[in-house]
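Below is one structure; the comments refer to it alone.
Just so you know, residue 1 is the first one in the sequence shown, and it goes up from there. Being a predicted model, the structure only gives us computed values, none of them experimental.
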Amino acid sequence: MPVPLRPIAVFALRSGILAAAVWAVRHGLSDGRTDQRAEDAFEDAGEGLALHRPLDRSVDGVRQTNATARLRRTLRWPGGGVEVDAGLMARVKIRRL
């Protein structure tokens with residue numbers, strides 16, 4: 001009985017494209033240094049979502065809005081578990097022309 005090569009070829013092509021994409025992303029990532037100031041800022045952020053506009057950051061029509069979000073959860077199951085600590089910081093500046 002002959003083996004149909006078309007489904008095997010399609011699977012191999014998809015797998016190859018996926019592997020090439022993963023390799024390209026991994027190759028593009030650098031092993032840069034960790035900015036300790038940013039790490040400390042993430043540790044100081046409270047859990048939840050915060051959005052604020054500091055008064056000392058509004059100069060010459062430039063308004064700055066800062067946002068932080070943090071989620072900390074502990075997931076446990078029989079035989080182990082993980083602790084998830086996800087943080088997000090963003091800054092948006094809007095200037096009138």
Side-chain angles (χ1 to χ4, degrees):
M1 176 181 222
V3 176
L5 293 179
R6 186 173 183 179
I8 295 172
V10 170
F11 176 75
L13 184 62
R14 284 183 186 171
S15 299
I17 290 172
L18 179 65
V22 169
W23 177 83
V25 168
R26 179 60 185 116
H27 187 70
L29 295 176
S30 67
D31 295 331
R33 66 177 186 84
T34 300
D35 187 358
Q36 190 59 45
R37 295 172 301 167
E39 291 292 321
D40 292 340
F42 277 120
E43 291 297 324
D44 291 340
E47 189 169 357
L49 179 66
L51 183 70
H52 63 282
R53 288 184 172 161
L55 294 175
D56 62 338
R57 299 293 179 184
S58 297
V59 178
D60 297 332
V62 177
R63 296 190 63 178
Q64 178 174 317
T65 301
N66 298 334
T68 60
R70 186 173 186 183
L71 174 73
R72 295 179 69 190
R73 296 290 182 261
T74 302
L75 306 172
R76 297 174 198 231
W77 53 81
V82 294
E83 181 180 81
V84 178
D85 187 356
L88 170 80
M89 290 187 178
R91 177 183 70 191
V92 177
K93 287 185 176 182
I94 299 173
R95 183 179 64 171
R96 290 187 184 192
L97 300 176

Practice item. For Glu47, check side-chain hydrogen bond (donor to acceptor under 3.5 Å, both in side chains) against everything at least two apart and list the hits. Key: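 side-chain hydrogen bond (donor to acceptor under 3.5 Å, both in side chains) check on Glu47 returns Arg73.
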Is there a side-chain contact between [X] and [Y], using heavy atoms and a 4.5 Å cut-off?
X	Y	result
Thr34	Glu39	yes
Thr68	Leu88	no
Val82	Trp77	yes
Arg70	Glu43	yes
Pro7	Phe11	no
Gln64	Arg91	yes

Exercise for review: Start with the C-alpha gap between Leu51 and Thr65, add the side-chain angles, then the distance that decides, and say whether side chain to side chain contact (heavy atoms under 4.5 Å, CB included) holds.
Suggested key: CA-CA 7 Å; Leu51 183 70; Thr65 301; 3.5 Å; yes
**Study point:** Leu13 side, atom CG; Ile8 side, atom CD1 - distance, nearest 0.5 Å
**Key:**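 Output value for this atom pair is 13.5 Å.
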Exercise for review: To the nearest 0.5 angstrom, please state how far the CG atom of Asp35 sits from the CG atom of Asp40.
Suggested key: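 Going from the CG atom of Asp35 to the CG atom of Asp40 covers 9.0 Å.
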Point to revise | Glu83 with Arg76: basic N within carboxylate O range, under 4.0 Å | key: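 Looking at Glu83 and Arg76, the cut-off is not met.
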Exercise for review: Give me the other members of the hydrophobic cluster that Phe42 sits in, counting Ile, Leu, Val, Met, Phe, Trp and Tyr linked by side-chain heavy atoms under 4.5 Å, directly or via other members.
Suggested key: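 Reading the cluster by chain and number, Phe42 sits alongside Met89.
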